[in-house]
Amino acid sequence: MSTKEKFALVIIFGLWFPILLFFVVGGSDISVLNPAGIIAEKQKNLILFAVLLSLIIIVPVYLLTFGIAWRYREGNKKAKYAPNWDHNKYLETVWWGVPLVLIIILSVVTFKTSHDLDPFKPIESSKKPLTIQVVALQWKWLFIYPEENIATVNYLQIPVDRPVKFEITSDAPMNSFWIPSLGSQIYAMSGMSTELNLMADRTGTYKGSSANISGRGFSSMNFDVDAVSENQYDSWLNMVNTEASNLDGEMYAKLAFPSDNNKPAYFGAVEAGLYQKVISKYTSHGSTH
Amino acid sequence: MNLFSNLLGRINMDAFPNDPVTIYGAIMMLGGGLTAVAAITYFKKWKWLWKEWLTSLDPKKIGVMYLVIGLLMLVRGIADALMIRVQQALASGNEGVLSNDLFQQVFSAHGTIMIFFVAMGVMFGLINLVLPLQLGARDVAFPFLNSVSFWLFAAGFALINLSLVFGEFSAAGWLAYPPLSGLEYSPGVGVDYWIWALQIAGVGSLLSGINFLVTILKMRAPGMTLTKMPMFAWSVMGSMILVIFAFPILTATLGMLSLDRLMGMHFFTSYFDGNPMMYINLIWAWGHPEVYILILPAFGIFSEVVATFSRKRLFGYMSMVWAIAAITFLSYVVWLHHFFTMGAGANVNAFFGIMTMIIAVPTGVKVFNWLFTMYRGRILFATPMLWFLGFVATFTVGGVAGVMMAVPAIDFQVHNSLFLVAHFHTMIIGGVLFGFFAGLTYWFPKIFGFKLNERLGTYAFFCWLFGFLMAFVPLYILGLMGATRRLSSYDDSLGWQGLFVVAGLGVLVILAGVGFQVLQVAYSIYKRKENMDKTGDLWNGRTLEWSVSSPAPHYNFASVPQVSERDQFWVDKNNKQTRPEKYKDFYMPKNTSLGIFIAGFSFIFGFGLIWHIWWLAAVALLGVIGSVIYRISQDETEYLISAKKLKAEAGE
């Protein structure tokens, strides 16, 4: 294959492949780039910023690579040949310096956003945050609404435009609690409580999952999140409150037993301090383990 | 733990494969092994194999053996990859073709095999084959240790493959995080196979790290100061420094996990004051340097390839050295970026994020230096050079993804997603694997004495490049669509299937590339008589390995090369300067089978611990110690190559 043929092959593939992908992706939702929460929105903007900054380096690298490769190919007798030219202070300064400047800019942004978007940071709002306690089980998510005295399995409903404070633990191997449309994920770990603050800013149904392998059934730890108006949320709360099932110790033990592909379930009452009890199982000495 | 209470430990008949996929895999593997044994027996080659290869301390022989195991494991790793892609392409709204448990063993095996046995194996293979020659040396600093390292690697290889026919493999991912990998959630033998295969092979790696570093520091030809040695040697030096300071962490961490599992201790459990987060910190304190251990020699290979095929000096030699030094140092201070989402807090996350981004600077410097090596060169686009271009095209994109994920706030949205998977495969395939393929095609004639067919090599490259893009660009998109890694199935309504199908087709294209590579080697062997490398300098090379015949004589250099500048061989050629041979007596190491014994006993030790056969493990441990003591007591481990003999041979 001649050099010309090799270059042509690359260009043809380079054109055809993105077109294929465009059709395959179609109208599907690219959640991270199509945020429904204020945290995810800020993260999307960060992604775009980082990509644009990187393009400053990437585009010249691509142009230089294919330009230099083409011009200085063996067959091109017109090109100058300088076999011993092997250093240049100015070029070195440019390619040590420019990336360093870009990285410094990105570093400042990194420091700032690590604080702004810290999962533990409460979201500023006039409304009081809704607290939801999350327990990762095998292989389902248990959601306790302590102030409302209800609980759900594999389903969340939250009011739009109101901060939600998730307190997260695990009674299973390590998991990761993630609703990409709304924002960050954070690990769910036994014997500890992590925290995630999110807020939906438009109504809709969003997908949640576990982003860390926790055993055989972890792929089925999916849950829907309905972000709804305050009124709808209140009526949903009332409806769940009338549910007969009570999440007490016995019911919890049944839930904790490994099972996958669990359908959403609802509990009208929750044993007080259940979340703390789950954590204490691991931290108290003389545990049943 | 009564030493003799269980003669057979926890071995039982369930250990044999009982599902069709594993049975098929086991049969294929055993079939391949038995065919090889049958062929060797038929052609009566056992004595030759033992004397010429297995007991040899010649790094050129050891290097080839590393490559054989590395490339065999590549086949197994790609088979695993194919199974993963098939499962994920089909499992849209259904369970797919593999059970969850099997699927999780498949991807755990895939990652473990690719990193520890393919990448490390090919890397140590190439270093063995090339480093002593490039330095003008006749061997590595510790030839016996070199053999031990290889055989320990082979013992790890044997354990992992044994898990396919007897027992099960880990289903906890390639790094086996606790609590999932602890006794409570993984009581079977799988995680234990994983621990001991890596623990044994890891000792081999650490010994190699010491061996190659000392070789570079103490065995360069006279006149070759550090700043006159080839860039590949510098890259190996950085990599081996990383090995020496990182592998002990792996040994300690695997050790603690095995204490948890064997003796019910609580290093990494969630209760009785254990802490799984400690494991994650330690394993990544090893794991991050590990990936730089792999990429640095690949960078070194590119420096050699680009300079040789551009017919031009490597641009910015000292700048490249500083870049390697910077990358080596920075590798140690970034490990937390693998778990920003574990909740360390903003300041800690920010520190590690910033350190991670800084690594992009020296890496970029290297790319620019390669480009300006090409500038005003006269470039031949032989296969090794194609691999370099493929690297630039892919690695830069993967690097951008990496810089993105270095921002903790962005990482919160892409951690553990297919975006991450696409990123690290871009770095490992586009960087490490393409680099190793460039090295293999570049140095093949030096190792085997004949040329590889260029046309088939070109076809192989294009299949790999396009296949790789088809397999992984969809994964970047899927990650942004919220797809987590390691899923065995997903909801049909998500619309992810199309991208998974494209990714699956990409793996098939890669397989075609592998097919071309196999065809290339087979055809080149068939046509070798017409393509002999008669001069030893097929590519018009610059460095010392090209100054000897292909293949090199077993002692590398009849007389020790004298060096006074970089690219001494190239300079001598252009000045039409020949150096007179000065023959002196020297010693070469004798063959020994003790490396095989040490590794064999280590294999049995691992097997004993995995299956809780305590007496067997104890006996095997004594065997290892006994073998080492025996070796120490041996006096005559070398033989003389006399100057008279060399002079006579040269005179013929």
Side-chain angles (χ1 to χ4, degrees), chain A residues 1 3 9 13 24-25 28 30-33 43 46-47 50 54 58 61 64-65 68 72-74 80-87 92 95-96 99-100 103 106-107 110-111 113-115 117-118 173-174 176 180 184-187 190-191 194 207 209 211-216 219 282 287 289, chain B residues 100-101 173 177 179-180 185 270-271 311-313 315-316 319 341-343 346 349-350 353-354 357-358 361 364-365 367-368 371 374-381 389 392 396 400 403-404 407-410 412-413 415-416 458 462 466 469 477 480-482 484 486-489 495 498-499 502:
Chain A
M1 209 188 280
T3 307
L9 202 59
F13 182 82
V24 166
V25 173
S28 300
I30 305 185
S31 341
V32 171
L33 299 179
Q43 287 164 328
L46 246 187
I47 290 174
S54 308
I58 298 305
V61 167
L64 276 175
T65 306
I68 292 177
Y72 293 98
R73 70 192 188 285
E74 203 180 32
K80 201 163 164 197
Y81 177 46
N84 291 322
W85 180 64
D86 68 349
H87 63 280
E92 295 284 359
W95 61 59
W96 278 96
L100 197 62
I103 292 299
L106 199 56
S107 298
T110 296
F111 184 77
T113 55
S114 295
H115 282 277
L117 295 171
D118 183 359
M174 200 171 85
S176 183
S184 310
Q185 65 182 280
I186 196 162
Y187 282 172
S190 38
T194 50
K207 299 283 180 195
S209 64
N212 193 66
I213 178 179
S214 55
R216 207 185 64 228
S219 302
Y282 293 92
S287 105
H289 281 93
Chain B
N100 281 356
D101 186 50
Y177 282 6
L180 182 61
Y185 295 108
S270 296
Y271 40 89
R311 317 315 210 283
K312 189 161 163 278
R313 290 166 74 105
F315 197 89
S319 186
T341 54
M342 202 154 80
N349 278 354
I354 293 171
M357 277 171 221
I358 296 179
V361 176
V365 163
V367 174
F368 285 111
L371 292 179
M374 290 161 67
Y375 181 81
R376 294 201 177 155
R378 248 200 274 129
I379 311 168
L380 173 68
F381 288 102
L389 289 178
V392 175
T396 35
V400 169
V403 169
M404 272 175 59
V407 181
I410 296 181
F412 294 156
Q413 278 284 57
H415 174 68
N416 263 358
T458 307
F462 278 111
F466 296 154
L469 289 170
I477 302 173
L480 293 175
M481 289 166 95
T484 292
R486 298 169 169 162
L487 290 176
S488 52
S489 69
L499 287 170
V502 174

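Here is the naming used below: chain letters follow the sequence lines, and residue numbers restart at 1 for every chain. What you see is a predicted model; the values in this text were computed from it and never measured.
Within the model, atoms CG of A/Leu117 and CZ of B/Phe412 stand 8.0 Å from one another, a figure rounded to the nearest 0.5 Å. For the atom pair OH of A/Tyr81 and NZ of B/Lys312, the computed distance is 9.0 Å after rounding to the nearest 0.5 Å. Note that OG1 of B/Thr396 and CD1 of A/Ile58 are 5.0 Å apart. Values are rounded to the nearest 0.5 Å. Taken from CD in A/Glu74 to CG in B/Leu380, the straight-line distance is 5.0 Å, to the nearest 0.5 Å. Going from atom CD1 of A/Ile213 over to atom CZ of B/Arg486 covers 5.5 Å, rounded to the nearest 0.5 Å. Expressed to the nearest 0.5 Å, how far OG1 of A/Thr110 lies from CD1 of B/Ile410 amounts to 7.5 Å.
Counting all heavy atoms, side chain and backbone alike, A/Val32 lies closest to B/Gln413 at CG2-O, 4.0 Å.
Take A/Asp118 and apply the side-chain hydrogen bond (donor to acceptor under 3.5 Å, both in side chains) test, not counting sequence neighbours, and it matches no residue. Remark: A/Ser214 engages A/Asn175 in a side-chain hydrogen bond (donor to acceptor under 3.5 Å, both in side chains) (not counting sequence neighbours).
Side-chain contact between A/Glu92 and B/Phe315 is present, with at least one heavy-atom pair separated by less than 4.5 Å. A/Leu9 has its side chain within reach of B/Phe466: a pair of non-hydrogen atoms, C-beta onward, lies under 4.5 Å apart. For the pair B/Met404/A/Ile47, a side-chain contact is recorded, criterion being any heavy-atom separation below 4.5 Å from C-beta on.
Within the 3.5 Å criterion, the main-chain N or O of A/Asn212 finds no donor-acceptor partner in the side chain of B/Tyr177. In this structure, A/Gln185 contributes its side chain and B/His415 its backbone to a donor-acceptor pair below 3.5 Å.
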Is there a side-chain hydrogen bond (donor to acceptor under 3.5 Å, both in side chains) between B/Ser319 and A/Trp95 once you walk through the steps? CA-CA 11 Å; B/Ser319 186; A/Trp95 61 59; 4.6 Å; no
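Heavy atoms closer than 4.5 Å to chain A are found in both the backbone and the side chain of B/Val365. Heavy atoms of B/Leu389 lying under 4.5 Å from chain A belong exclusively to its side chain.
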